[in-house]
Student: 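Got a structure for you, written out below as C-alpha cells; questions coming shortly.
We count ligands from 1, going down the list as the structure has it; atoms in each ligand are counted the same way.
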Amino acid sequence: MIEVSKLTKKYGDKAAIQDVSFNIAQGEVVGFLGPNGAGKTTTMRILTGYIPPTSGEVKIGGLDVFADSLVVRQKLGYLPENTPLYLDMDVEVFLKYIAALKKVTADKRQTHIRKIMKICGISNVSQSTIKTLSKGYRQRVGIAQALVGNPEYLILDEPTIGLDPKQIIEIRELIKSLAEDKTIILSTHILPEVSITCTRVIIISEGKIVAEDTPNNLENRLSGVAKVLLTVKGQPEKIKLSLQDITDVTEVNIKKTHPGGLIDLEVASQKEADVRKELAQTIVRNDWDLLEMRREVLGLEEIFLKLTTKE
Ligand SMILES: Nc1ncnc2c1ncn2[C@@H]1O[C@H](COP(=O)(O)OP(=O)(O)O)[C@@H](O)[C@H]1O
Ligand SMILES: [Mg+2]
C-alpha cells in the first residue's frame, strides 16, 4: 500500500504540487497522467525519498518514506526521468553494481541478474556497453535496474518517453508482465498509455489532482456523456431539483450564479439522449426564464484537455 497524504512541494513561492493525496493498493497498476510540468516527476521523487516535501507525508507498506528511508528503499524500484545509466559500463556489470548497492548477497547476484535480464529481454546485450544501445534497450536496462532486489513497488517515471511505436509496445508488454506480482505507479503525459497498461488513473494538472478513476469508468463517464449548458433566471436549488427529475438527466451542477438571479447550469445526460426539449419545457412550465442553451459531447481526449488546461 502506498499512502500519499497532502503533499505540497514549493520551489520558492511557486508550488510544484499542492495538497496531493492518493492511495495505491497492493497489486494495482496506477497511471499518473498529466501534461508536462504538471508535477509528476516532483511527486515521484518525493515518493521515492529523493526529495523531501514542503509538507505532507508518504507511507509505503506502512513506513514513512523519510523516517524509514533505508527500509523503504529496499522495497522500491525506481526508474527516474531521463534514466541515468553509467554509459561506459556493460549491461551486466552495471546491473551487478546496482545489485551490490541494493545489498543483494554476492552469491545470489549472478542468478538474480540473469533472471532480470531475461524478463526485460536484454540477455542478448548483456556484454554490450550501455552507450552503444538504442533508446529502447536503454529503457529496458533502466527498468531492469529498477527490478534489482525484487522490490514490491515499482515507480516508473515516463517509461515510454522518447521511444518509437514498436519499442513503446514492447515496454508496455514488459510492464504488464511485471504487474502480475508488483504494485506499480507509472507516469505519462500521453493518454492511450494508461488505458492500455493501468487499472486506475490519477490525473494531475498544475500540481493538483483533478480526476481519479479506472480507465474504463473515465472513458464511460467522459465519452458516454453529453452536456447541456444552460443559463436560466430563477431560484438555483429549485431549478436544480426539477431538472434532475427529467428522465435521462444524470447530473445537474450549478456552475455560477450571477447577480440579478441568472444561473449557469451544466446538465449531464446519457449521450444518446437529447434532453434539450424536456429541459426547455420544464423551465417554461415553472415560469423561469431560459436565456441560453447549448449542447456539447465530450470525448476522452477533450476531457483530458479540459481537466488539464486552464480555461
Ligand atoms: N528543482 C526545481 N526547481 C524549481 N522548479 C522546479 C524544479 N523541479 C520542478 N520544478 C517545477 O515544478 C513544476 C512541476 O515539474 P515536474 O514535477 O517536473 O512536472 P512533470 O514531471 O509533470 O513534467 C514545473 O513547473 C517545474 O518547472
Ligand atoms: Mg516529468
Student: Looking only at the side chains, is there a donor atom on one of His112 and Asn150 sitting less than 3.5 Å from an acceptor on the other?
Tutor: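 No pair is found: no donor N or O on one side chain lies under 3.5 Å from an acceptor on the other.
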
Student: Below 4.0 angstrom, N of the basic side chain to O of the carboxylate: do Lys182 and Glu152 qualify?
Tutor: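 Not counted as a salt bridge, because no side-chain N and carboxylate O are separated by less than 4.0 Å.
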
Student: When you measure from the centre of the six-membered ring of Tyr11, is the NZ or CZ of Lys9 under 6.0 Å away and within 45° of the axis?
Tutor: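 Flagged: Lys9 positioned over aromatic ring of Tyr11.
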
Student: Are any of the side-chain nitrogens in Glu81 or Lys40 under 4.0 Å away from the carboxylate oxygens of its partner?
Tutor: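 The answer is no: the pair does not qualify as a salt bridge.
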
Student: Please tell me if atom 22 (O) of ligand 1 is touched by the protein, where touching means a protein heavy-atom distance below 4.0 Å.
Tutor: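 It does; a protein heavy atom is within 4.0 Å.
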
Student: Salt bridge or not for Arg276 and Asp274, using N-O below 4.0 Å?
Tutor: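 Result for this pair is yes, salt bridge flagged.
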
Student: For ligand 1, which atoms, with element, lie under 4.0 Å from some heavy atom of Asn36?
Tutor: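 Every atom of ligand 1 under 4.0 Å from some heavy atom of Asn36: 23 (O).
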
Student: Side-chain polar contacts of residues 50-66 - donor-acceptor pairs under 3.5 angstrom, sequence neighbours left out - could you list them?
Tutor:
{"unit_1": "Thr54", "atom_1": "OG1", "unit_2": "Lys10", "atom_2": "N", "d": "2.8"}
{"unit_1": "Asp64", "atom_1": "OD1", "unit_2": "Phe66", "atom_2": "N", "d": "2.8"}
{"unit_1": "Asp64", "atom_1": "OD1", "unit_2": "Ala67", "atom_2": "N", "d": "2.9"}

Student: If I apply the N/O under 3.5 Å rule, does Thr41 come out as touching ligand 1?
Tutor: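 Yes, since at least one N or O of Thr41 sits under 3.5 Å from an N or O of ligand 1.
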
Student: Report yes or no: does Gly12 have a heavy atom closer than 4.0 Å to ligand 1?
Tutor: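 No heavy atom of Gly12 comes that close to ligand 1.
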
Student: Do protein heavy atoms approach atom 13 (C) of ligand 1 to less than 4.0 Å?
Tutor: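 True for atom 13 (C) of ligand 1.
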
Student: From the Mg ion (ligand 2) out to just under 2.8 Å, does an N/O/S atom of Asn36 turn up?
Tutor: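 It does not; every qualifying atom lies at 2.8 Å or beyond.
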
Student: Quick check: does Gly39 get an N/O under 3.5 Å from an N/O on ligand 1?
Tutor: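 There is such a contact, yes.
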
Student: Please indicate whether any nitrogen or oxygen in Thr42 is less than 3.5 Å from any nitrogen or oxygen in ligand 1.
Tutor: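 Among all N and O atoms of Thr42, at least one is under 3.5 Å from an N or O of ligand 1.
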
Student: Using a distance-only test with no angle check, is there a side-chain donor-acceptor pair under 3.5 angstrom linking Lys96 and Gln110?
Tutor: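 Yes, side-chain donor-acceptor contact under 3.5 Å.
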
Student: Is there at least one pair of N or O atoms, one from Lys14 and one from ligand 1, spaced under 3.5 Å apart?
Tutor: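 Yes - when backbone and side-chain N and O of Lys14 are compared with those of ligand 1, one distance drops under 3.5 Å.
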
Student: Output the atom name for the N/O/S atom of Glu81 with the smallest distance to the Mg ion (ligand 2).
Tutor: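 Among the N, O or S atoms of Glu81, the one closest to the Mg ion (ligand 2) is OE2.
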
